[in-house]
Engineer: 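One structure coming up, written as C-alpha cells, with questions to follow.
We count ligands from 1, going down the list as the structure has it; atoms in each ligand are counted the same way.
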Amino acid sequence: MASVQLNHIYKVYPNGVKAVNDFCMDIADKEFIVFVGPSGCGKSTTLRMIAGLEEITAGELRIGDAVVNDMEPKDRDIAMVFQNYALYPHMTVYENMAFGLKLRKLSKAEIDEKVKEAARILGITEYLDRKPKALSGGQRQRVALGRAIVREPKVFLLDEPLSNLDAKLRTAMRSEISKLHHKLQTTFIYVTHDQVEAMTMGTRIVVMKDGFVQQIDSPRNLYNFPGNKFVAGFIGTPQMNFFDGRLTQHGDKVTVTLDNTEVSLDAPASYFNKANRAYLDGSKPVVIGLRAEHISVDPKQFPYKAKCRVSHVEELGTDCQVYADFNIASEETVAESPTRVIVKAPAGSFYDIDQIIEVSLDLSHIHVFDAETEQTIAPRIPAEVVVEGVVANGALTALGTETALPAAIEAPNGKYAVVIPTDAVSLKGKIDAEVIGEEDVNGQRLVHLKVGDTILFAKLDAEEKVGKKAKIAIDLKQITLERDGEVVSAPLNCDNVLVGRLGKRKVSVEKEVNGKMKKVSELEFYLTVFGAEFPCSRALALRLANGGGQDIFNKDLELRFTPYQVTAGETGIEATVDKVVDYGSERFAVCKVGDKTVNALVGKDFAETSVRLALDAEQLAIIELANGIRLA
Ligand code: ADP
C-alpha cells in the first residue's frame, strides 16, 4: 500500500519527442487511477516511468515517502500487468505465478500459500496445472493478474490489460478488476484508451492529450464539469453536441444563439454565474456544448424549444439516437455539419427523413468553450468576477462598501469595471456578504457569496456556513480597474521572471577523513543571475542536471519567484528602484534589472533608489528555456 506522487514529470525521448509534459499529481493510497486518452497521448510512457521501465527526463517521482527516480524497477515494490499477458509459455499457471517468488527465494510453503490464495481470489484454481496456451484470453489475463497479486506490491500498474479481449469478456473482466481492487485495498494505476473503461473503473481519471494532462477528476466531475472541449467530447457516449454560437446578456437573461440556425434561446443569467463576463456581450465566438441526454424529442420535457430536421435514426434497443440538424433551411442533410445534433429518444421512435421536429433543451446543462482555446468559459473555480465601482476622492466604492485607495492605486474619479480575482477574496474584512452556496472542487472548498446583487466566489475554509452572513475583504493589490476597456490600474505582478545559469567550480574544503582533517577538492554549485551568484545545493544541481542534460551549464534557465521570495538589501543582483508601491499593509519596490522588472516586498521605511536583490535558489521555479522543461 502506498501513495504515488508525480512532481513536474517530463519525458523527452532521444529522438526529441516530448511524450509527457509537466505531469503533476498526488495519488493517494488505495486509489484506482485511470490514465485515459487517444493513442500516443503519453499514458503508457507515464506508467512506464512509474514502473521504472523508462527513464524520467525531469521531475520527481515518489512512491510512499521515497524518491524513486533512480531506483531499479525491482526495488520499487510495484507489479505491472501488460496487455499481452507476458506469460512464460513453457510453464504451468502455477509456475508462472510462483516464478517471481522463487527468484525472491521464498520458501516452498510460502509460495504455495500465496499462489493458491491468488488463484482463489481470481477463480483460476482449477487451471493451475495448465499451460497458458490451453487457456482463453480472459483466463490468461487472470493469470497475469495473479502473478502480480502474489508479489503483494504497494502499487499495481496495468497497461491496457483488457484490450486483447472481446467486448463481452472485457465488460466481465472490468468488474472483476474493480472487485479485485476492492479486495486488495492497494493503489491501482490503469492505462486505457477506452473512456467507458475509465469511467466505470476509476476513482479518479487523468485525461491526457498530446503529452499534456487535460483534466484530473472523478468520473462524475469529468462528465458534469469538463474543463475543455476535448474532455467534453472524449467523455460520454454519444459525443457531446457542439455548436458555434454566441452569448449575449440582457439584464437577467442570456440569449444563446447558434450560428447558421434559427435557434436563439433566452436562459436565466444565473446559469452563467461563473462565466467570464467577456463572453457575455455577444462579441466573442464560443462553442456551445449540450449532451444528447439533455435534448429531448418531447417538446414538453425541457423549457427551451427549437426545431430541427431529422436525417436518420439509430435504434439502440434501450433507446434511439436521432440524428438531426438545427439548420432546418439547409437543403442537404450533412452527416458532420456544424449544426448537426444528436438527440436521445425512446426506443422505437420513428421519424421520416427530412421531417422537421420540435425538440426541447435543458440549458441548465449547457457547456460553453472559447472558440479558439477550447477552454471552458466557466471554470469550476472562476478566475475572477467583474463588478462596478466608483472612484471619488481617493476612495473606491464597490460592492456597497467604500474603501480608501492605497497610494499604489492611482485612478482619476469616475466609474470603473473592477476585476476581482477569486484569490483576492478573503474573510475578516468589512464588506457585508451572505454565504449562499458551497461546493467541493477537488478538495478545495469554494464558497458562493452574495454581496448586494453580485455573486462572488472565494476559496475559504469550513468556517463560514451556508445561510450565514460574512464580512469579506478584497486584496487590493490583486484588483484591476478598467475604464472603457482600458486598464487604468493593473494588479501587482507577483510572477517575477529572470534568466540565469547554473555554474560550478572546484573548491578546496577541510574535511574529516579517517579521523584526520584533510584538504579535499569538492564541486560547488551556484546560480549566476545578472552577474550575481547564489549558492545552489548539490541536490538541486543534480536535479537540474538530470532534467537539463550534461550541457545544463550552458543553458539559459528561467527563474520564477514571487515578491515574497526576493530580498531587497545589500547583496545580490544590482537593480535600480523605479518606484515603491504602497498598498498600506504591504509595500513593494518595483526594481529594474536590465530590461526586466522585479517586484520585491520591502519594509515600511524603504526609500532606496538602488538596491541589490537576493534570491534563494532552493525556492525558485526553474525552467529550462530552450525546451520549456520545468526542472525545479
Ligand atoms: P499512449 O500510451 O498514450 O498510446 P505512448 O506513451 O506510448 O502513448 O507514446 C507517447 C508518444 O511518445 C508518442 O508520440 C510515441 O510515438 C512516442 N514514443 C513512445 N515510445 C517512444 C520511444 N521509445 N522513442 C521515441 N518516441 C516514443
Engineer: In terms of the angle between their ring planes, are Phe525 and Phe553 parallel, tilted or perpendicular, with boundaries placed at 30° and 60°?
Structural biologist: parallel
Engineer: Crowded around His90 NE2? As in, over 12 foreign heavy atoms under 6.0 Å?
Structural biologist: yes
Engineer: Could you check whether the rings of His181 and Phe32 sit parallel, tilted or perpendicular, using 30° and 60° as the cut-offs?
Structural biologist: perpendicular
Engineer: Of all residues at least two apart in sequence or in a different chain, which pass the side-chain hydrogen bond (donor to acceptor under 3.5 Å, both in side chains) check with Glu618?
Structural biologist: Ser537
Engineer: In terms of heavy-atom contacts, does CZ of Arg538 have more than 12 from other residues, nucleotides or ligands at under 6.0 Å?
Structural biologist: no
Engineer: Could you name the protein residues that come within less than 4.0 Å of ligand 1, counting only heavy atoms, and order them by chain and residue number?
Structural biologist: Tyr13, Asn15, Val17, Ala19, Pro38, Ser39, Gly40, Cys41, Gly42, Lys43, Ser44, Thr45
Engineer: NZ of Lys183: more than 12 outside heavy atoms within 6.0 angstrom?
Structural biologist: yes
